Amino acid sequence: MNTPTAQAHRTGWILLLDRLLDITVGIALIGELLVVIGNVLGRTFIDAPLLWSDEVATLALSTIAFIGGAVAYRRDAHISVRTIVNMLPEKTQAVVLAGADWVVLGLGLLSFFYSIGLVEARWEELTPILEMRGAWFAVPLSVGMVMLAVYALVRLYEQPRGAVLAALVAVLVLAAPFVLFGFLADAPMANGSAISIALLLVLVTVLLGLPVGFALMLGTILYLHIGTFVPLIAVPQNMVDGVGRFVLLALPFFIFAGFIMEGGGISRRLVELIAALVGRLRGGLMQVMVVSMYIVSGISGSKAADVAAVGLVMRDMLDEEGYDRAEAAAVLAASAAMGECIPPSLAMLVLGSVTSLSIGALFAAGLIPAAVIALCLMALIYFRAAKFNTRQHGSRNWPLIRRLALRAIIPFSMPALLFGGIFSGFATPTEISAFAVAYGLAIAALLYREVNLRQFGRMIAEASTVSAMVLFTLAAAQTFSWVLSAAQLPHSLAALVATWHDNATLFMLASITAVVILGSLLEGLPALLILAPLLLPLAPDLGIDPLHYGIVLLVAMGIGAFLPPLGVGFYIACAVTRAPVDRASAFMIPYVLILLIGLLLVTFVPWFTLLVPGLLGFAS
């Protein structure tokens, strides 16, 4: 009986579950933050590093990604595309959305079942320092999948019964042929057909509103079931391994730093100064967004954090000035795409780790190419400004600018802290990201006094949710990229590019096309991990400087990651600006074109890339 009292009880236990999971994920985030800072301080000042910090980091990342990922699903924070769904009649929309929840329920139960096998398989493994059982790294996935199934059931219970039943029938009918084939066929489906069906399934389900991370999981499971007959334990195994890299800690830390910068007034002071200096240009706050992204990318390091740090600060300013949210999302996504070659980009760290390129040289090489692309975007905004229909401003207020500049001195010290710590060898970029959180919190709480204990708790919850969504999607992208590798798709793509090895121009154009396409499919970083080691050794034979080629790959990857309809970064930008994805996709078209023009300028004018490394003495 659905009485108000019964409904209150249901709401009460769900809220309690939400709170318990929030606390669990928050403890993982704050605990690992303290461990990383303690490790650096102990190593530097008393020669006593915390040798077990990497092991704790793996457990913390797994907890944030999978338990936090379930909370993000409950809060509808996972990135999804509702373009086609919103065009359907209301009753059909309800069926489609309920179908997505049925799929998530099935994925949660299936992943939980196979994760138990992973826990058992890793029970005898022991970590070298703490001698922790390897199974503990898989436990958060098991717990997260159970919570995911619980939340999916709750969502289904809250929807109209007719739509839920109709969606169940539709999902079972559509799934039945593939399920039966996997169980009854004598041999797997031909590799090309299986991977084509998996890719088509990912695209269709994303367009029908299934969150991107779950669509990638679904495509992985389908390919393994019909194309290889490989046990599905490979799915949880690859997801756990996909978030087990220490370098990924920079992502939740920089996202946390972004929320502290936003909530503590740090980003506001930076953006206000930039707005005072740049906002009177034709295009106003759109120009401010590009310049802010160029500067803040040097603080945050990850595209999700870049988008959050700038977008969260500027969202209300844009609304007050009358800017179209869809256009703002397009500008935010386009300007964030250039952030992949602004240090300390995670993509730069990954590229340096999988190739022979120096990370320091990459840091130096990316500054001018990013500026070139920023100027191209600003030129487009200048010419589109007449369509913005916003308030006009007078001349610059220089007394105000001086006051804002004084207020921004301390916030601008954050990049100095980051680069000073990295180049001095005091800490790695990942470790410096932890100090960025501590430094930002000290400024916001002690100097500006804009953060109290309750606000700090809310920042932890928000940062955990966003970090979990991104890490969960990365985990799903990791397992899907493993499937693409198993299907030999990246190697076929690399072989196609290599056929133009005797023509530098065609080779560069083919490389750009391959990385943009695969970057869109795989969220960016997996594409770089797969293609860079294959393609980079081919560049010197064509007279292409490897450092220059690496920057070109980074920019192309950034464009792919923000390219609709599959670029994950684009949907993050839409979520931050609260813009409808369908309208933002239309506004994105001219910005994608100008990004490609900027990329071609960087590609065929190597001087942009090589000038700063040459001045700093990095070997070519």
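Scope of the values below: all heavy atoms of this structure, side chains included, with no hydrogens, waters or symmetry mates. All values derive from a computational prediction rather than experimental measurement.
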Between T205 and V202, is there a donor-acceptor pair closer than 3.5 Å when you use the side chain of the first and the backbone of the second? yes
request  = Begin with the C-alpha distance, continue with both residues' side-chain angles, and end with the deciding distance and a verdict on side-chain contact (heavy atoms from CB on, under 4.5 Å) for I559 and M338.
outcome  = CA-CA 8 Å; I559 294 174; M338 72 181 175; over 6 Å; no
Closest heavy-atom pair, A149 versus L105, reported as atoms and distance to 0.1 Å, is O-CD1, 3.6 Å
Closest heavy-atom pair, A65 versus V243, reported as atoms and distance to 0.1 Å, is CB-CG1, 4.1 Å
* **Pair F181 and H225, ring centroids less than 6.0 Å apart** => no
Checklist entry - Got a donor-acceptor contact below 3.5 angstrom from the T92 side chain to the L88 backbone? => result no
Keeping E340 on the side-chain end and V555 on the backbone end, is there a donor-acceptor pair under 3.5 Å? no
One should read off an interatomic distance between L29 CG and I64 CD1, to the nearest 0.5 angstrom, of 5.0 Å
The side-chain contact (heavy atoms from CB on, under 4.5 Å) partners of E158 (sequence neighbours excluded) come to R74, V154
Hits for salt bridge (Lys or Arg N to Asp or Glu O under 4.0 Å) against R155, two or more places apart or cross-chain, chain-then-number order -> D76, D101
To the nearest 0.5 Å, atom CD1 of I221 lies from atom CG of L232 at 6.0 Å
Is any side-chain heavy atom of V169 less than 4.5 Å from a side-chain heavy atom of L165? no
Rounding to 0.5 Å, atoms CD1 (I233) and CG (L118) come to a distance of 5.0 Å
Shortest non-hydrogen pair, A198 vs G219, comes out as CB-O, 3.6 Å
Notebook entry, point to check: Tell me, do I512 and V516 make a side-chain contact under 4.5 Å, heavy atoms counted?
Noted result: yes
Test your reading of the model: is there a side-chain donor-acceptor pair from S464 to the backbone of I460, 3.5 Å cut-off? yes
The residue among L141, V119, V139, V235 that forms side chain to side chain contact (heavy atoms under 4.5 Å, CB included) with V240 is L141
Here the gap from L109 atom CG to M145 atom CE, rounded to the nearest 0.5 Å, amounts to 10.5 Å
Residue set satisfying side chain to side chain donor-acceptor pair (under 3.5 Å) with E462, at least two apart, ordered chain then number -> none
Subject >> Side chain to side chain, L318 and R325, heavy atoms closer than 4.5 Å >> reply: no
Closest heavy-atom pair, G192 versus S196, reported as atoms and distance to 0.1 Å, is O-OG, 2.7 Å
message: If we ignore hydrogens and angles and just use 3.5 Å, is the side chain of T479 paired with the main-chain N or O of A476 as donor and acceptor?
response: no
| message | For D324, is there an ion pair with R384 - N to carboxylate O distance below 4.0 angstrom? | response | no
Hits for side chain to side chain donor-acceptor pair (under 3.5 Å) against T577, two or more places apart or cross-chain, chain-then-number order -> none
Across all chains, not counting sequence neighbours, the ring-ring contact (aromatic ring centres under 6.0 Å, His included) partners of F66 are none
Residues at least two apart in sequence or cross-chain that pass side-chain contact (heavy atoms from CB on, under 4.5 Å) with L168, listed by chain then number, are W102, L172
Side-chain heavy-atom pair T228, V483 within 4.5 angstrom cut-off: no
Q. Would L595 and L599 satisfy side-chain contact (heavy atoms from CB on, under 4.5 Å), going step by step from the backbone distance to the final call?
A. CA-CA 6 Å; L595 284 172; L599 173 56; over 6 Å; no
message: Determine whether the aromatic ring centres of residues F472 and H78 are separated by less than 6.0 angstrom.
response: yes
Sequence neighbours excluded, the answer for salt bridge (Lys or Arg N to Asp or Glu O under 4.0 Å) partners of R75 is D22
request  = Tell me, with the steps shown, if V104 and L210 meet side-chain contact (heavy atoms from CB on, under 4.5 Å).
outcome  = CA-CA 8 Å; V104 172; L210 185 66; 4.0 Å; yes
Here the salt bridge (Lys or Arg N to Asp or Glu O under 4.0 Å) pairs for residues 86-99, sequence neighbours left out, are none
**OP:** Could you tell me whether R161 sits above the aromatic face of Y157, with NZ or CZ closer than 6.0 angstrom to the six-membered ring centre and within 45 degrees of the axis?
**Re:** yes
Residues passing the side chain to side chain donor-acceptor pair (under 3.5 Å) test with R458, sequence neighbours excluded, are none
Review point. Heavy-atom distance under 4.5 Å between the side chains of F570 and L563, does that happen here?
Key: no
Any L21 side-chain heavy atom under 4.5 Å of M147 side chain: yes
*asked:* Checking the side chain of R583 only, and the main-chain atoms of A326 only, is there a donor and an acceptor separated by less than 3.5 Å?
replied: no
ring-ring contact (aromatic ring centres under 6.0 Å, His included) filter on Y73, not counting sequence neighbours, yields F214
Here the side chain to side chain donor-acceptor pair (under 3.5 Å) pairs for residues 134-145, sequence neighbours left out, are S115-S142
Heavy-atom closest pair (A329 atom, A584 atom, distance to 0.1 Å) is CB-CB, 4.1 Å
When rounded to the nearest 0.5 Å, the distance separating OG1 of T473 from CE of M217 is 11.0 Å
In the structure I gave you, are the side-chain heavy atoms of L199 and F480 within less than 4.5 Å of one another anywhere? yes
*Start with the C-alpha distance between Y591 and E327, add both sets of side-chain angles, then the distance that settles side-chain contact (heavy atoms from CB on, under 4.5 Å), and finish with yes or no.*
CA-CA 10 Å; Y591 293 100; E327 179 113 27; 2.5 Å; yes
Can any side-chain N or O of T127 pair as donor or acceptor with the backbone N or O of M132 at less than 3.5 Å?
yes
When every non-hydrogen atom of L224 is compared with those of A234, the smallest separation belongs to CD1-CB, 4.2 Å
dist L471:CG -> L61:CG (nearest 0.5 Å) comes out at 6.0 Å
Point to revise | Heavy-atom side-chain contact between I23 and R19 under 4.5 Å | key: yes
The complete set of side chain to side chain donor-acceptor pair (under 3.5 Å) pairs with one or both residues in residues 210-224, sequence neighbours excluded, reads N191-Y223
